[in-house]
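Naming: A, B, ... by sequence-line order, numbering from 1 per chain. As a basis for the values below, the full set of heavy atoms in this structure was taken, side chains included, without hydrogen atoms, waters or symmetry mates. The model shown is predicted, which means the values in this text are computed figures rather than measured ones.
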Protein chains: 2
Amino acid sequence: MRDADVVVVGAGLAGLSAARTLLDAGRSAIVLEARDRVGGRTEGDVIDGHPVELGGTWIGEGHSEMYRLVADLGLETFPTWNDAGSLLLDLSGKRSRLAPTKGATPKLNPIALADLAQGLARYGRLARSVNPRAPWTHPKAETLDGQTYETWVRRNLRTPTGRAYFRVLAEAVYAADPADLSLLHTLFYTASNGDLETLASTDRGAQKDRVAGGSVQVAEGLATGLDVRLNTPVRRIAQDADGITVTAGDGTAFTGRHVIVAVPPTLAGRLDYDPLLPAWRDQLTQRAPAGTVVKCFASYPTPFWREEDLNGQAVSDTGPVKVTFDVSPPGAEIGVLLGFVEGGDARRWQRLPDGERRRQVLDCFTGYFGPAAATPMTYLEKDWSAEEFTRGCYGAHFAPGTWTSYGPALREPIGRIHWAGAEYAVEWSGYMEGAVRSGRHTAGEILRAANR
Amino acid sequence: MRDADVVVVGAGLAGLSAARTLLDAGRSAIVLEARDRVGGRTEGDVIDGHPVELGGTWIGEGHSEMYRLVADLGLETFPTWNDAGSLLLDLSGKRSRLAPTKGATPKLNPIALADLAQGLARYGRLARSVNPRAPWTHPKAETLDGQTYETWVRRNLRTPTGRAYFRVLAEAVYAADPADLSLLHTLFYTASNGDLETLASTDRGAQKDRVAGGSVQVAEGLATGLDVRLNTPVRRIAQDADGITVTAGDGTAFTGRHVIVAVPPTLAGRLDYDPLLPAWRDQLTQRAPAGTVVKCFASYPTPFWREEDLNGQAVSDTGPVKVTFDVSPPGAEIGVLLGFVEGGDARRWQRLPDGERRRQVLDCFTGYFGPAAATPMTYLEKDWSAEEFTRGCYGAHFAPGTWTSYGPALREPIGRIHWAGAEYAVEWSGYMEGAVRSGRHTAGEILRAANR
């Protein structure tokens, strides 16, 4: 069978959620996946016999669909490790410890603290004024989209610590440098994810919970009973008055009434389309680059940092690892540190030889958590920008000028071609939650069109 | 024969110049071209029996290789129409006329004039400090690359007229909006093309001369005697220790020792590579979008604007056509106006119905040159962003953060894969001259490697 009501390109959370929604509504769907596995930007691996998440990891405050899905699939969540100690803040040469409850105040000098507080308040007000459904309709959209986030930081924060905090925050959230980002884009993303505090937090924030056994099980559960064709990279999408034909790299053709392209924008832009996509849409995907992030894991006999009253979370402005988490498997003895190498750090670091990359990461871990971090049992890294069928994580970001020029093209179907993915989500953009909601929304768009 | 020393992808000026250089050095080259014609972003058409240039048009001050090539091919140049009258300047609601000699002073109010003069001087100093071979090595590269050109304009120009001038200039030069552009990128481009005055000028500037009969004849002349395979879109490039295999869409394979990819960066990024391109290079092409420009031509029984003491050149800050030229065929009776629709104007305008697009363009022409412009004999438009094998003109531009993060990846070969095109030129980037120089340079890179 190579015909269905809808052909879905990509078996990530968005594509699988779309197909599931269509099936539940009595329609047929075939999901074509380039890789030999489902899950897209969620992927499971094993470190010392315990599951680790190479990709998407967290479910957070307000991610209602993911929590429901996890429960429906018979899976369980557990809280991100947040107890037994403080977060380590290492900004502009000064270290401080911070109790990890949302809204806690770092022990910084009063001037830096006032600067940071004012910056956060000002940024928060701006973000609340942006409608994540249509950022380009903001009365000052052109001004906000005409500058980089970096420009805003330089203008609105006066202390090195305040600036460092805002910069590290952007790197951690977008896996991009502050210079890469349109201010309007960061405001959109913040509004889409509640507020800056939610985005940045574990406790009651976007990094609140994890899935026991690994997040990839959600994709695997969603895929159960769906018609998913693995190892089927799509090359070409043709549409006419009757329907669509989706052709794989080996020439196999699949037909349907609609197609949902549920891959990151930069990959969607590399497919062949017949007829050609309008210039407007093609130029949008030329301007939707993916971030740059590598996840680095190191395992130890115990989570020794907890003895030092540290919770394994570090936020630093000296890389290459600027953000860390304790991702030790719950109930096990071993300790696992996760370090992110992001943005410009990743671009430099990924070109180093293997040994040197590892050395730099462990140097960071040692600097944050002491000499015991220097000798892990196992060291593991995953560079998402080197993946043929992803080419960057966490997701696409927009440079200045893109939202105001091309924003309306983002979610608009082109005839029978529809778009889905974490990038297309109005709510919880960039998260697993956003991917699921976007997939369901796009499936609904097709169901509504068919009912008219 | 499907084997040569070098396989060249793209029969634009860069690819053809590269192949010609290789042939002259005794090497063999096959040029694969997706279209049914050579010339790439230069293309000829006819209006009322006279040649027009749908793409690249001008040869300017310092474009020594193009002048030599034109002479070698037995072609001739003629000066861009610049006589009989003034350029029309229409900025922030005020019109003035400007005699078209380089360095002439527009008749603006003294405050606007002082503002503009100071802005030009300041920008010029900055541009002279940037090395176009390696913009990322500038001591303030991160600061310059961390802001948009728009941010610089807002900070450094105080009058509406001064800002309008700088904005229109950027739109005309990059076919992009001031918000889209890294300041460092515009400084690189300015340095690569001499200075701002050269970039902006006809008389003694980058728009000085044209090729009699049309610029596409240069590509056609270069192609004579070369092994060019038309209608051969390339899909895949594989390399190993022995050489390269370049596979076309229909499966035909060509082999060689090296390959030169001489297509715009956004198209180079859409090919399949085996082994995969490094993350660094792939993410660069995700960040090298092409500009947005439509060329609109209207022909009239005579160049009637010359009677009104106007030279057919208009520069306005109210679109969609903000820049015009008199491109009447020399020696003929008819008059031809060329209008550019660029950047954000083009992105809105290209989605209008045919009749409305034409109406808006002719309204602009009428506003600048009088009611006679409303009824052309022939109207013709060319939207380069709608072209499958170009996807935007004049060329790629870099958003903030790209030069500093990925600059060194731009011209560096990946094993046996080399890059060429107007985007890769150190001198005269973005012009036909840059394409020719880049093609020759890249061919030289291969010849030098082979001789080692």
(message) Is A/R235 in contact with chain B via its backbone, its side chain, both, or neither, using a 4.5 Å heavy-atom distance?
(response) side chain
(request) Please flag which part of A/T266 lies under 4.5 Å from any non-hydrogen atom of chain B: side chain, backbone, both or neither. (result) side chain
(request) Output the residues of residues 167-187 of chain A for which the shortest heavy-atom distance to chain B is under 4.5 Å, in residue-number order; output 'none' if no such residue exists. (result) A/D177, A/A179, A/D180
(request) Would you check if B/Q286 and A/R287 make a side-chain contact, meaning some heavy-atom pair closer than 4.5 Å? (result) no
(request) With chain A as the partner chain, list the residues of residues 391-413 of chain B whose heavy atoms fall under 4.5 Å from it, by residue number, and write 'none' if nothing qualifies. (result) B/R391, B/G392, B/H397, B/A399, B/P400, B/G401, B/S405, B/Y406
(message) Please classify the contact between B/T285 and chain A as side chain, backbone, both or neither, with a heavy-atom cut-off of under 4.5 Å.
(response) neither
(message) Using a 4.5 angstrom heavy-atom cutoff, name the option from B/R348, B/R155, B/E142, B/E150 with the most pairs to chain A.
(response) B/R155
(message) Let's go through B/E388 and A/D282 carefully: what are the C-alpha distance in whole Å and the side-chain angles of both, what is the deciding distance for side chain to side chain contact (heavy atoms under 4.5 Å, CB included) to 0.1 Å, and is it a yes or a no?
(response) CA-CA 10 Å; B/E388 179 174 13; A/D282 188 275; over 6 Å; no
(request) Go through A/A386, A/A290, A/G344 and name the one with the most non-hydrogen pairs under 4.5 angstrom from chain B. (result) A/A290
(message) Do B/R347 and A/W280 form a cation-pi contact, if we require the NZ or CZ to be under 6.0 Å from the six-membered ring centre and within 45 degrees of the ring's axis?
(response) no
(request) List the steps and the verdict of side chain to side chain contact (heavy atoms under 4.5 Å, CB included) for B/T148 and A/T151. (result) CA-CA 9 Å; B/T148 62; A/T151 290; 6.0 Å; no
(request) Name the region of A/Q283, side chain, backbone, both or neither, that has any atom closer than 4.5 Å to a heavy atom of chain B. (result) side chain
(message) Tell me which of these, B/L271, B/T143, B/D145, has more heavy-atom pairs under 4.5 Å with chain A than the rest.
(response) B/T143
(request) Might you point out which heavy atoms bring A/A279 and B/D383 nearest each other, and give the distance in Å? (result) CB-OD2, 4.5 Å
(message) Walk me through whether A/L276 and B/E387 qualify under side chain to side chain contact (heavy atoms under 4.5 Å, CB included).
(response) CA-CA 9 Å; A/L276 287 184; B/E387 288 277 304; over 6 Å; no
(message) Heavy-atom pairs under 4.5 Å with chain B - which of A/G249, A/P289, A/A346 has more of them than the others?
(response) A/P289
(message) At a 4.5 Å cut-off on heavy atoms, which part of A/Q350 comes close to chain B: side chain, backbone, both, or neither?
(response) side chain
